[in-house]
There are 2 protein chains.
Amino acid sequence: MNEADVITALSALAQETRLRVLRYLVTKGPAGAAAGEVAGVVEASPSRASFHLSTLADAGLIVAERDARSIIYRVDFERMGALMGYLVHDCCANNATVRSCC
Amino acid sequence: MNEADVITALSALAQETRLRVLRYLVTKGPAGAAAGEVAGVVEASPSRASFHLSTLADAGLIVAERDARSIIYRVDFERMGALMGYLVHDCCANNATVRSCC
DNA sequence: CATTCATTTCAATAATCCTTGAAATGTTAT
DNA sequence: ATAACATTTCAAGGATTATTGAAATGAATG
């Protein structure tokens, strides 16, 4: 994960609707949730939800898979971990205070 | 640290110049660095550096203190840790894969 | 106290991002 | 085939963010 990837991932997370989408998908674990379900939970129109889901997917934080008529999104926890790893190790140089928080 | 604070902090980090500023200030530890020094390192004009330093300071990730003619900025590692804590614990619900990365 | 130095503030422009609603795509069922 | 469903794509507009250079602030020095 290089600097550009990190900035893309942080930009993806730095938005209210998307942060809520991610939090909801985290609760759904590996099973994930369909776009329409996510849209309902975060109270966004289909196109708005799709826009934000695509942004998160482009950042690699979530992954899409078609299942019949629905498209299921689930969190890529490895990627999320890689982002945390960059922030703690590279960006914060393993600072003890930062590390103690996670 | 509430959701709004987290989004402000993530927005602050999600920008190339600011991420570099933060990384540089991390290397300087508690001593910090003057605005002009930071500007030189990240190759930004004084006003541009000031803009980005203010954005990081508004987000609480760095702290400013005047020292004679200079203004010294240093990382608030507690705050940085609080952000990581939110992402790992609240946002990712302590997911093991995510935790293992930091 | 006038000057220089370090930095910020301001206004204008450019660039990027978000929302909206309509149209298009792909899928299942009748 | 046709209709209904789930979702995406697209174009337009509005909102936010970044950059620039000039002017203003605050502090030290001759």
Side-chain angles (χ1 to χ4, degrees), chain A residues 3-25 28 31-76, chain B residues 3-25 28 31-76:
Chain A
E3 188 191 70
D5 291 337
V6 168
I7 288 170
T8 302
L10 291 170
S11 301
L13 292 177
Q15 208 276 345
E16 190 174 333
T17 302
R18 287 196 294 268
L19 192 58
R20 286 181 184 165
V21 165
L22 192 93
R23 288 187 66 152
Y24 180 65
L25 289 178
K28 303 297 282 191
E37 178 182 338
V38 174
V41 170
V42 305
E43 295 175 317
S45 69
S47 93
R48 188 164 149 244
S50 177
F51 169 77
H52 289 302
L53 285 164
S54 294
T55 303
L56 285 165
D58 291 348
L61 296 172
I62 65 176
V63 156
E65 186 183 9
R66 181 173 278 277
D67 174 33
R69 292 206 267 218
S70 297
I71 294 178
I72 306 296
Y73 286 94
R74 61 188 165 70
V75 176
D76 184 339
Chain B
E3 188 190 68
D5 292 336
V6 168
I7 287 170
T8 302
L10 291 170
S11 301
L13 291 177
Q15 208 275 345
E16 192 175 330
T17 303
R18 285 194 296 266
L19 191 57
R20 287 180 184 165
V21 165
L22 192 91
R23 288 186 67 153
Y24 180 66
L25 289 178
K28 303 298 281 190
E37 178 181 338
V38 173
V41 169
V42 304
E43 294 175 319
S45 68
S47 92
R48 188 162 149 245
S50 178
F51 169 77
H52 289 303
L53 284 164
S54 294
T55 303
L56 285 165
D58 290 348
L61 297 172
I62 65 176
V63 156
E65 185 184 9
R66 180 173 280 276
D67 174 32
R69 293 207 266 219
S70 298
I71 293 177
I72 306 296
Y73 286 93
R74 61 188 164 72
V75 176
D76 184 339

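Computed from a predicted structure; not experimentally measured. Here is how names work: the chains are called A, B, and so on, in the same order as the sequence lines, proteins then strands, and each is numbered from 1.
Counting non-hydrogen atoms under 4.0 angstrom, B:S70 reaches the backbone sugars and phosphates but no base.
Note that the OG atom of B:S47 and the NE2 atom of B:H52 stand 9.0 Å from one another [nearest 0.5 Å]. To the nearest 0.5 Å, atoms OG1 (A:T17) and CG (A:L22) are separated by 12.5 Å.
A:E43 has its CD atom 18 Å from the C1' atom of C:dC18, to the nearest Å. We find that CD1 of A:I7 is positioned 15 Å from C1' of D:dT17, with the value rounded to whole Å. Nucleotide D:dA18 holds its P atom 10 Å from the CG atom of B:L56, rounded to whole Å. The CZ atom of B:R20 sits 15 Å away from the C1' atom of D:dA18 (whole-angstrom rounding). Here D:dT7 presents its P atom at 14 Å from CD of A:E65, a figure rounded to the nearest Å. Atom CG of A:L53 is separated from atom C1' of D:dT9 by 14 Å (rounded to the nearest Å). For B:F51 and C:dT9, the CZ to C1' distance is 12 Å, given to the nearest whole Å.
Here A:H52 does not reach the OP1 or OP2 of C:dC17: none of its side-chain N or O atoms lies under 4.0 Å away. OP1 or OP2 of C:dT8 sits under 4.0 Å from a side-chain N or O of B:Y73.
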I'd like a table of donor-acceptor pairs (distance under 3.5 Å, sequence neighbours excluded) in which one partner is a side-chain atom from residues 34-45 of chain B, with atom names and distances.
residue : atom : partner : partner atom : Å
B:E37   : OE2  : B:Y24   : OH           : 2.3
B:E37   : OE2  : B:K28   : NZ           : 3.3
B:S45   : OG   : B:R48   : N            : 3.1

Enumerate, atom names and distances included, each donor-acceptor pair closer than 3.5 Å involving a side-chain atom of residues 55-66 of chain A, sequence neighbours excluded.
residue : atom : partner : partner atom : Å
A:T55   : OG1  : A:F51   : O            : 2.9
A:R66   : NH1  : A:A68   : O            : 3.0
A:R66   : NH1  : A:R69   : O            : 3.4

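Contacts of A:E16 classified as side chain to side chain contact (heavy atoms under 4.5 Å, CB included), with partners at least two apart in sequence or in another chain: A:R20, B:E3, B:I7.
Here the side chain of B:T8 pairs a donor or acceptor atom with the backbone of B:A4 at under 3.5 angstrom. Put simply, the side chain of B:S54 gets close to the backbone of B:S50: a donor and an acceptor are under 3.5 Å apart.
Closest heavy-atom contact between A:L53 and A:Y73: CD1-CE1, 3.6 Å.
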Which atoms of nucleotides 21-23 of chain D (N or O only) lie under 3.5 Å from a protein N or O atom, and what are those distances?
residue : atom : partner : partner atom : Å
D:dG21  : O6   : B:S47   : OG           : 3.1

Pairwise N/O distances under 3.5 Å, protein to nucleotides 24-30 of chain C:
residue : atom : partner : partner atom : Å
C:dT28  : O2   : A:R69   : NH1          : 3.4

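Two residues are said to be in side-chain contact when any heavy atoms from C-beta on lie closer than 4.5 Å; B:I71 and B:D67 fail this criterion.
Within residues 8-18 of chain B, the residues having any heavy atom under 4.0 Å from DNA chain D are, by residue number, B:Q15, B:R18. The stretch residues 31-42 of chain B touches DNA chain C through B:A34, B:A35, B:G36, each having a heavy atom under 4.0 angstrom from the strand.
In this structure, the nucleotide among C:dT7, D:dT8, C:dT9 sitting nearest to the side chain of A:P46 is D:dT8.
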